[in-house]
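Encoded as structure tokens, the structure appears first; notes follow it.
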Number of protein chains: 2
Amino acid sequence: MKDDGAITKWVYTFGGGSAEGTAKMKNLLGGKGANLAEMAGLGLPVPPGFTITTGVCTYYYAHGRTYPEDLERQLKAALSGLEKIMDMQFGDADNPLLVSVRSGARASMPGMMDTILNLGLNDTTIHGLVRRSNDERFAWDSYRRFIQMYSNVVLNISQHNFELILQHLKDEKGYKLDTDLVANDWQLIVELYKKRVQEELGVPFPQEVTKQLWGAISAVFGSWMNQRAITYRRLNEIPESWGTAVNVQCMVFGNMGQESATGVCFSRDPATGENTFYGEYLANAQGEDVVAGIRTPQQITISGRNKQNSSLLSMEEMMPELYGKLYDIRSKLEGHYRDLQDMEFTIQQGRLWMLQTRVGKRTARAALKIAVDMAKEGLITREEAVQRVDPMTLDQLLHPTIDPQAQKSVIAHGLPASPGAASGQVVFSAEDAESWVKAGKKVILVRVETSPEDISGMHVSEGILTTRGGMTSHAAVVARGMGTPCVAGAGEIAVNYKAHIFLTKKNLMVKEGDIVTIDGSTGEVILGAVSMIQPKMTGDFGTLMEWADSLRTMKVRANAETPADAATARKFGAEGIGLCRTEHMFFEPGRIIAVREMILAKDEDGRRAALLKLLPFQRKDFIDLFTIMQGLPVTIRLLDPPLHEFLPHTDAEIVEVAKAAGLEPSIVRERNAHLRESNPMLGHRGCRLGITYPEIYEIQARAIFEGAITVTEKGGQPVIPEIMIPLVGTRKELELTKDIIVKTADAVCTAAGTTLQYQVGTMIELPRAALRADEIANGAEFFSFGTNDLTQTTLGMSRDDSAPFLEIYRTKNIYEKDPFATLDTDGVGELLRIASERGRQTRADLKLGICGEHGGDPDSIMFFQKAGLDYVSCSPFRVPIARLAAAQAALGVRDESQK
Amino acid sequence: MKDDGAITKWVYTFGGGSAEGTAKMKNLLGGKGANLAEMAGLGLPVPPGFTITTGVCTYYYAHGRTYPEDLERQLKAALSGLEKIMDMQFGDADNPLLVSVRSGARASMPGMMDTILNLGLNDTTIHGLVRRSNDERFAWDSYRRFIQMYSNVVLNISQHNFELILQHLKDEKGYKLDTDLVANDWQLIVELYKKRVQEELGVPFPQEVTKQLWGAISAVFGSWMNQRAITYRRLNEIPESWGTAVNVQCMVFGNMGQESATGVCFSRDPATGENTFYGEYLANAQGEDVVAGIRTPQQITISGRNKQNSSLLSMEEMMPELYGKLYDIRSKLEGHYRDLQDMEFTIQQGRLWMLQTRVGKRTARAALKIAVDMAKEGLITREEAVQRVDPMTLDQLLHPTIDPQAQKSVIAHGLPASPGAASGQVVFSAEDAESWVKAGKKVILVRVETSPEDISGMHVSEGILTTRGGMTSHAAVVARGMGTPCVAGAGEIAVNYKAHIFLTKKNLMVKEGDIVTIDGSTGEVILGAVSMIQPKMTGDFGTLMEWADSLRTMKVRANAETPADAATARKFGAEGIGLCRTEHMFFEPGRIIAVREMILAKDEDGRRAALLKLLPFQRKDFIDLFTIMQGLPVTIRLLDPPLHEFLPHTDAEIVEVAKAAGLEPSIVRERNAHLRESNPMLGHRGCRLGITYPEIYEIQARAIFEGAITVTEKGGQPVIPEIMIPLVGTRKELELTKDIIVKTADAVCTAAGTTLQYQVGTMIELPRAALRADEIANGAEFFSFGTNDLTQTTLGMSRDDSAPFLEIYRTKNIYEKDPFATLDTDGVGELLRIASERGRQTRADLKLGICGEHGGDPDSIMFFQKAGLDYVSCSPFRVPIARLAAAQAALGVRDESQK
């Protein structure tokens, strides 16, 4: 009772064409209760029932586990309402009403009591069920199930007791399966079960149906405070005060003769997305029969039957009137929920009951088609259509995929590091990959891990498989950039380079030249070739992308350095290059020699001479890139990795390099040893190179400026290069390196007798840079967040070394997602927010972007939108994903601000 | 003129027993002007003069480089004041007054005009100077110097012109040195100089002394806006609006006959600190003669003369009256400035002039004695005494130092990584160090770098020399912890392990067994043995420490794990252990085998069996530690380094370890390869070990708890161990590992039938941990900032790899100090502040400490005080430094809050 004397409503009924609740009353009715009320409120034939509110739960615990005074009266009234709708009586010997009792909290909560079915059965009502169902076996089986379930959940008698009894009988009768038992057997089991309950409790199994019902209700409320539920709430931060509701609903049966049936249907085809009614049903069957797959289900529609070439009649043919009703319901539900519906129904003796409807799962292809179709039909807006497609699923539409029908022998698993599937012959080195491909073969490059020297070999391979490294290992990052399928960190595989073989966990040996298939979307490694489905860029894809582009506010750029990558990026809709890693230009043959000469040089003059050899190559690279990008912005990062990455490491290579450089091999070895670092990630790299060897940045800047001038002079779109300094931690580092660039620009312009626009900015990839962003912004026209390195430093976690513990971390829920794939918004994200705010305090028009792996991750993109970034940049193949995710992020942010 | 019509005072006079300004008027008079006024105001015989205020400078630039109307009048008045005091006339042919003109900004500013001497000399007044000085050569030399200086600074004629003339004359006359020139030569030079000026300017060198004066004044004001001054101001953030003052002061000469003299004296002995007047003088000489060291100076006091056993008469004997005056001035100045004074004086024809007084530099020993004495004398307070000693200089008092008189042959330089000097025979491996020492030799261990395996060898060495690594490299950190002298990162030295030699930059070869000396306070490497001064813990040291302890608010703990270190820590006054690194306990023989067994084990059972072998060792370690610390807090960090640090790396070792473990060497190699990491600093270490292998932390916790119970049971002070989890980045990591510890504590207590108090806390050494400190504090009773790792991650800079660029960074002023030695307060410090605030929001009584290298650095300690830390922890040998620095920090903070 409330203080004002008005009687609190504790029970909300639904069914019979109406409902007292709605979908919006989740807090009071719980999720399940609210949804049942919504369906019933639409006038759909939902088996009637009622919900005991969460308020009762709160009362129950506030009052020493007792119920509010008026509850019993309200419950009785609701129950007689059900009896009226169903024309049955609870506890009646002839036509007994049976009910289910279910818990229903606001959020789905494993750990709580779930369901008790067939409540209302006892030694009297069982006979009514036998008669009504005309199926003695089913009736007795239902009764024994009820006893077992109720005894376990409500009466706290261990399942074990009942399992023993059943096993004993089966042994005695020589039965193997439960299905071997006949009606009499189940009747006997019921007797034995009841006896067991009497022995355990000292009192008989409750025969009074109202007592059964109150027992079940109390069990649901009691389960709110059991240990598993408490733990779950603590872990998921669900307040105890929320409480749970209890749903009591009439049982309906699809197995009460040929006038009965049960089925599942979709408002559209969930595989193709076509706007055709689709579903299956079984006559005279229970829901579990459909799932069990013992009988072949029949199609709902004639067209479906024709498609399947089925000899079984469709529901449209068998029960045209009921089909008509179902079809109307399908339209009504899709219209109401404005999305693909996945519905369950039961026909009990000629009467159609809708048991459930929910948003239907669908393939990527179907999701795209349904979203576009529904928007064109006017059912949803374009904004909604854009929000209906999971950006990550676009990957399936952009890469070859393994035919789901194909047989495949999976021999190992790794991380799904770069999407798409590929088959080829196994090779174990980048050199072999190159020579085999030259010889016309297709190869899968298998390495323990890859390094920058392997780039050319990686480029020609169909796919890449590594046994070490995570989602952002070198192999993974480079493969995604190239759009090459990659399975990384397949630790189950032991590579033996000497023997040119690898062994799986089960000691299966795969030799060089054997064919394997890798699926970079799932992480599977498969023996032999497998049939593939090639991607199609259908019209729907283009339409959705167009809508997405019109809605998003963040620009999408690509990380690219080669002309091929740049062209791919443009094809996928990139609006510029957000990260051109100049060091990738250093590894090509003809260049690496000069690079090594530079590193081995004794002094600045020697370095400068070597750099001048590189200049024409780099200039040419930039000319190509600027030409392809046609005036779109191009952000170029100056040399970043530590110099030792460019030096040879094997003895043979050392001798070769020494020879080429005219040096003793010992000199090369010494230089190698001198440059060796304990933690290269935190070593002599980034702008630290530009500060200690200013000539490197000078020549790089020169190549960029000369390239830009050349393109403009040749009549191309005017280029405004954005030069980016990596690994800046202090204002001074940026000032010193910027100084080199500005002086070089002045010199190049003077020499060319022209002027040139350009910008200088910095990566924000160190916590210190984020914290001092206000100072750093004085010298930077843009910030690009290098979230890969920022994640490594903020979390103190090397992406190359984290695989062994990160997997365990994820199982223990320490990080919900791989922080190298999805931004750790709590830690790294806070630094990003701090840097954005502080940077823009100094320079209001500071351009903010992100060029780490997270630039192509939808969850992270949502965060970047909120943080106010101007653009994201990602691998070319991720550009469509980022475009869609950015649109969703823009909509999400808009929706939130409208709340 | 001010708006109110009152006449602005532009000129402030000083001298003649009074002054118009004081030391507090720095903003108006500049630093130099204010100090001269202060001395004159005390009634000291300062050569009279006047200061043209900074206000004139401001006026000058606000009014198109013109002067205020009344300035000329005020200047004239001031000048005639000087003439009156000196009884000389400016521009007079018989008794000419000469002046100096100097700039004087608020802060000392290189890049501005400094000084013009002897202004007032011209073709007429020169004759007066000749007569008065009775030294023709001196007079003409002074005139030509004046012309040269004035022409260069005021008239903008290049020095080069005058140098050529002088060189030409010397060549002509066959002179080698300037001192070869006689009076007539200088007179000729004057003529030639004047001629050159006339040629350059078309007008003669200014003869009118007032014009000379105004020229010099304008040159000073003009130099405020020259390029070098502007750049200096920008770099040092000095506002342009401050302006500079101009000081005009009478010249006095100590070389005008036997009644003249010049000298330098200290109010106390700056070498020993004894309260005796100390100084030297030269009769009939100029200040530069004293500095040049051509003539042997005489002592000021008789006692000084006796001490020096000098045959030359002291000033006390020669000029008893003037000596008396000087002695009085010494007392007056020390009383006024309340600190050791370093004074310069000149006697011109029987008249004593004080040219300068400033706080005197002193040795560490003297600083200590003077501070304690002055406090005892009542001259300063104990608070002031504590603030008078630079904490870093205490190092000199705690370690042997090289005798400053000793001859030494420095063959290389490295970083002064651990203070103190040591001599010994060179060995190149830790094993050799151990065996040589066993054979009774003293050794210096020379390594490229050291690793944890070298610990025992490092322990027995007199000193450690490495050629790679910075101030916080393994060698440096461990050496400081042991109190062993260490020179680190001596890159000039090339070690050849095979040949058992090292080569210096100059190709000097040092062989195994050769004796070298290293000075860990200066970074010098010296060939052969050198005589040393042994440290004395004098009574003054103890007194000052006692005062410091009574003033500081932060506790000081030590980082220690061995009984020896713990005992040293207590001896130096540590109030607990802030960091006990348990991994150091793993390297001793007899343990390392079990550790490796643990790492090589296939499963948890194997690891557990190996760990149980370690348990008695660890328990014994903790019993020893707790016993020595007698109930003082002991913070124990659970295992932190990656496991591969414990595995062998050479082939021989691998075979040995495999044999001991009963495994094939290939298994050890495989495990080695499997554990290898690209960036171990960011790898599988810290609590990541405790989460993936919970049994490691479990057994460690067990050893701690069992040890604590044993000590308590044996009647020792009750121990409250503080268990610290390393490398935590998330709340969950702390919760999971804390859970292991709590369960272990419960189990140990149950088994022992007792209870035990303990705390669980965490290192804050990752940026993420600092940012999420509010969450993490839920599970932590204390935070200990691991500023070494926090610096590495925040700056993205490996301390082991940063030496090659950090040196260049410091020369380019990117970081003012080595961020691994002195906390980067702007970056790392901000994270520390954030973590402290957020942590205490969650838990108001959260204990905060710091256990990185910065815990022993005075500058950093000042920051920690401001950040509200409860304690600092540092190497045992740094404890006295930290105690004193903490007292200064407490006083500094108090003073700031009183402002």
Side-chain angles (χ1 to χ4, degrees), chain A residues 448-449 468 491 494 642 670 673-686 688-689 691-692 727 729-733 736 765-772 775 789-790 792-802 804-806 808-809 812-815 824 826-828 830-831 834, chain B residues 448-449 468 491 494 642 670 673-686 688-689 691-692 727 729-733 736 765-772 775 789-790 792-802 804-806 808-809 812-815 824 826-828 830-831 834:
Chain A
V448 173
E449 56 195 352
R468 185 152 60 201
E670 249 171 51
H674 189 253
L675 288 175
R676 191 172 61 77
E677 296 186 310
S678 314
N679 295 287
M681 158 67 207
L682 308 174
H684 194 170
R685 49 168 289 229
R688 295 161 192 172
L689 293 170
I691 284 167
T692 47
L727 213 72
T730 66
R731 173 185 182 163
K732 196 124 190 188
E733 287 170 309
L736 288 170
E765 51 188 338
L766 297 177
R768 194 185 197 282
L771 295 168
R772 307 307 293 174
E775 287 177 5
D789 278 4
L790 192 58
Q792 295 198 84
T793 48
T794 306
L795 273 51
M797 198 183 281
S798 161
R799 58 184 183 183
D800 293 328
D801 303 315
S802 57
F805 59 87
L806 208 47
I808 295 167
Y809 264 47
K812 299 207 182 205
N813 245 320
I814 294 171
Y815 287 106
D824 161 42
D826 286 349
V828 181
E830 174 158 9
L831 285 176
I834 288 173
Chain B
V448 174
E449 56 196 351
R468 185 152 61 201
E670 250 172 49
H674 188 253
L675 289 175
R676 191 173 60 78
E677 296 186 310
S678 314
N679 295 288
M681 158 67 206
L682 309 174
H684 194 169
R685 50 168 289 231
R688 296 162 193 172
L689 293 171
I691 283 167
T692 47
L727 213 70
T730 67
R731 173 185 182 163
K732 195 125 189 189
E733 286 171 309
L736 288 171
E765 50 189 337
L766 297 176
R768 193 185 198 281
L771 295 168
R772 307 307 293 176
E775 287 176 5
D789 279 2
L790 192 59
Q792 296 198 84
T793 47
T794 305
L795 274 53
M797 198 183 280
S798 162
R799 57 184 184 182
D800 293 329
D801 303 314
S802 56
F805 59 88
L806 207 47
I808 295 167
Y809 264 47
K812 299 208 181 207
N813 245 320
I814 294 171
Y815 287 105
D824 161 42
D826 285 348
V828 181
E830 174 159 8
L831 284 176
I834 288 173

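Below, chains carry the letters A, B, ... as their sequence lines are ordered, and counting in each starts from 1.
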Next on the checklist: Rounded to the nearest 0.5 Å, what separates atom NE2 in B/H684 from atom CG in A/L806?
Outcome noted: 10.5 Å
Next on the checklist: Give me the atom names and distance for the closest heavy-atom approach of B/T793 to A/P767.
Outcome noted: O-CD, 3.4 Å
Item to check | Contact winner vs chain A - B/V448, B/V828, B/D824, heavy-atom pairs under 4.5 Å | outcome: B/D824
Checklist outcome for this item: When the 4.5 angstrom heavy-atom criterion is applied to A/T794 and chain B, the contacting part is both
Item to check | Winner by heavy-atom pair count (cut-off under 4.5 Å) against chain A, out of B/E449, B/R768, B/E765 | outcome: B/R768
Checklist outcome for this item: The interface call for A/N813 against chain B, heavy-atom contacts under 4.5 Å, is both
Item to check | Set of ring-ring contact (aromatic ring centres under 6.0 Å, His included) partners for B/Y815, sequence neighbours left out | outcome: none
Checklist outcome for this item: Smallest heavy-atom separation, B/D826 atom then A/E775 atom, equals OD2-OE2, 4.5 Å
Next on the checklist: Rounded to the nearest 0.5 Å, what separates atom CD1 in A/I834 from atom CD in B/E830?
Outcome noted: 6.5 Å
Next on the checklist: So which atom in B/A673 and which in A/R468 form the shortest heavy-atom distance, rounded to 0.1 Å?
Outcome noted: O-NH1, 3.1 Å
Checklist entry - What are the two closest non-hydrogen atoms of A/L766 and B/L795, and how far apart are they? => result CD1-O, 3.3 Å
Item to check | Region of B/R688 that comes under 4.5 Å of a non-hydrogen atom in chain A | outcome: both
Next on the checklist: Does any backbone or side-chain atom of A/R685 lie under 4.5 Å from a heavy atom of chain B? Answer side chain, backbone, both or neither.
Outcome noted: neither
Checklist entry - Which pair of heavy atoms, one from A/I814 and one from B/K732, lies closest together, and at what distance? => result CG1-CG, 4.0 Å
Checklist entry - What distance separates B/D801 CG from A/M681 CE, expressed to the nearest 0.5 Å? => result 12.0 Å
Next on the checklist: Is A/L736 in contact with chain B via its backbone, its side chain, both, or neither, using a 4.5 Å heavy-atom distance?
Outcome noted: side chain
Next on the checklist: At a heavy-atom distance under 4.5 Å, which candidate from B/A494, B/G491, B/P680 has the highest pair count against chain A?
Outcome noted: B/P680
Next on the checklist: side-chain contact (heavy atoms from CB on, under 4.5 Å) for A/F805 and B/I691? Distances and angles first, verdict last.
Outcome noted: CA-CA 8 Å; A/F805 59 87; B/I691 283 167; over 6 Å; no
Item to check | Interface moiety of A/E677 toward chain B, non-hydrogen atoms closer than 4.5 Å | outcome: both
Checklist entry - Side chain, backbone, both or neither: which part of B/S678 has a non-hydrogen atom closer than 4.5 Å to chain A? => result both
Item to check | Over all atoms of both residues, closest heavy-atom pair of B/L771 and A/G827 | outcome: CD1-O, 3.5 Å
